[in-house]
Amino acid sequence: MLRSIRYGEADRILHLYTAERGRVNAIAKGSRRPKSRFGGRLEPFFRLDLMLHEGRSDLCTVTGAHTVDGYADLRSDGPALDAAARACDAVLRLLDSAEPNRPAYNLLCRYLSLLDAGAGAEVPGPGPSPAAIGLAFRLKLTLAAGFSPELATCARCGEREGLVAFSGSAGGIVCASCEGGGFPLSREAHEFMLAALGRPIAELPAAPERALRQVERAIGDTLSHHAHVHLRAVGG
Ligand SMILES: [Zn+2]
């Protein structure tokens, strides 16, 4: 569940990302009544097994709902809730098609599980920071959505050496001669992006704050140029 909107007297409109059908919108009639058979499970971030009735309108009707995972720990942790909300918002903005996209679905489930597992810690554990994990999620999501930036060679001329900047309009990393219109990208930021796209989130390299800001800008510039999508700040 990406988003749940109060509707009418006792209903909810649900914005869903599904494994089989991609983006789906549904209405859950009477779900805000105290004795609703749906209970409290039609809330954002719940992973659900839903039964949907397809009528003549664009909205499916929810006829049954079972919880697969409620991510209970995530729900009691402010920063984790915020990160989950930003992730669901990114999915809403980037993946609006009714085509199934299993990698995107699995990625969101894994990210919510990671947030749930890390929730409630008094001191930050070892490993990547929440901001680094959030950016790695974003990069993997751009890959799943078909908008991942070119990171191997200069996105304008194909040069393999001296890659020093990032250009959203070129769609990736660029060399010194093609730098115009881009911004400087540090080696740490480049390595972080390569790792985030190629490895599991748990194996991310450490990256300084400055490099993470460059990574966020690189993702944002790529998506605004090529997907015409603007994401909220990654936070964390
Ligand atoms: Zn070049």
Side-chain angles (χ1 to χ4, degrees), residues 17 22-23 83 86-97 99-108 110-111 114-115 127-236:
Y17 200 75
R23 275 278 292 115
R86 287 169 200 266
C88 286
D89 185 68
V91 170
L92 270 167
R93 290 177 198 230
L94 207 50
L95 294 156
D96 54 2
S97 133
E99 288 290 307
N101 186 329
R102 203 43 109 124
Y105 178 84
N106 290 341
L107 174 66
L108 181 60
R110 272 204 307 277
Y111 184 58
L114 260 175
L115 291 174
S129 68
I133 296 173
L135 285 168
F137 167 79
R138 258 181 203 198
L139 268 165
K140 288 178 187 297
L141 191 66
T142 63
L143 179 65
F147 296 108
S148 74
E150 170 62 56
L151 295 173
T153 60
C154 174
R156 283 206 204 281
C157 73
E159 176 62 49
R160 295 180 171 276
E161 303 293 325
L163 302 168
V164 294
F166 190 93
S167 162
S169 61
I173 195 156
V174 287
C175 72
S177 358
C178 300
E179 196 183 345
F183 65 90
L185 192 82
S186 64
R187 190 175 49 80
E188 292 104 321
H190 187 196
E191 281 172 0
F192 180 91
M193 292 172 84
L194 286 169
L197 284 174
R199 288 193 241 153
I201 285 178
E203 293 173 23
L204 284 176
E209 183 62 37
R210 188 177 54 89
L212 294 181
R213 278 198 300 272
Q214 292 175 350
V215 171
E216 180 165 11
R217 182 169 172 195
I219 300 169
D221 285 6
T222 303
L223 291 180
S224 63
H225 269 97
H226 298 281
H228 307 290
V229 161
H230 297 274
L231 299 185
R232 290 165 60 191
V234 77

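Read the numbers this way: they start at 1 and go in the same order the structure lists the ligands and their atoms. Hydrogens, waters and symmetry mates are skipped; everything else that's a heavy atom, side chains included, is used. Since the structure is predicted, the reported quantities are computational estimates derived from the model, not experimental observations.
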Q: Going by chain and residue number, what protein N/O/S atoms come nearer than 2.8 Å to the Zn ion (ligand 1)?
A: Cys154 SG, Cys157 SG, Cys175 SG, Cys178 SG

Q: Output yes when a side-chain donor or acceptor of Lys140 lies under 3.5 Å from a complementary backbone atom of Leu108, and no otherwise.
A: no

Q: Indicate the ring-plane relationship of Phe166 and Phe183, choosing parallel, tilted or perpendicular according to the 30° and 60° boundaries.
A: tilted

Q: Look only at the side chain of Glu188 and the backbone of Pro208, and say whether a donor-acceptor pair between them is shorter than 3.5 Å.
A: no

Q: Any donor-acceptor pair under 3.5 Å linking the side chain of Arg86 with the backbone of Ala233?
A: yes

Q: With no hydrogens and no angle check, is any side-chain donor or acceptor of Gln214 less than 3.5 Å from a backbone partner on Ser186?
A: yes

Q: Hey, is the main chain of Ala170 close enough, under 3.5 Å, to the side chain of His225 for a donor-acceptor pair?
A: no

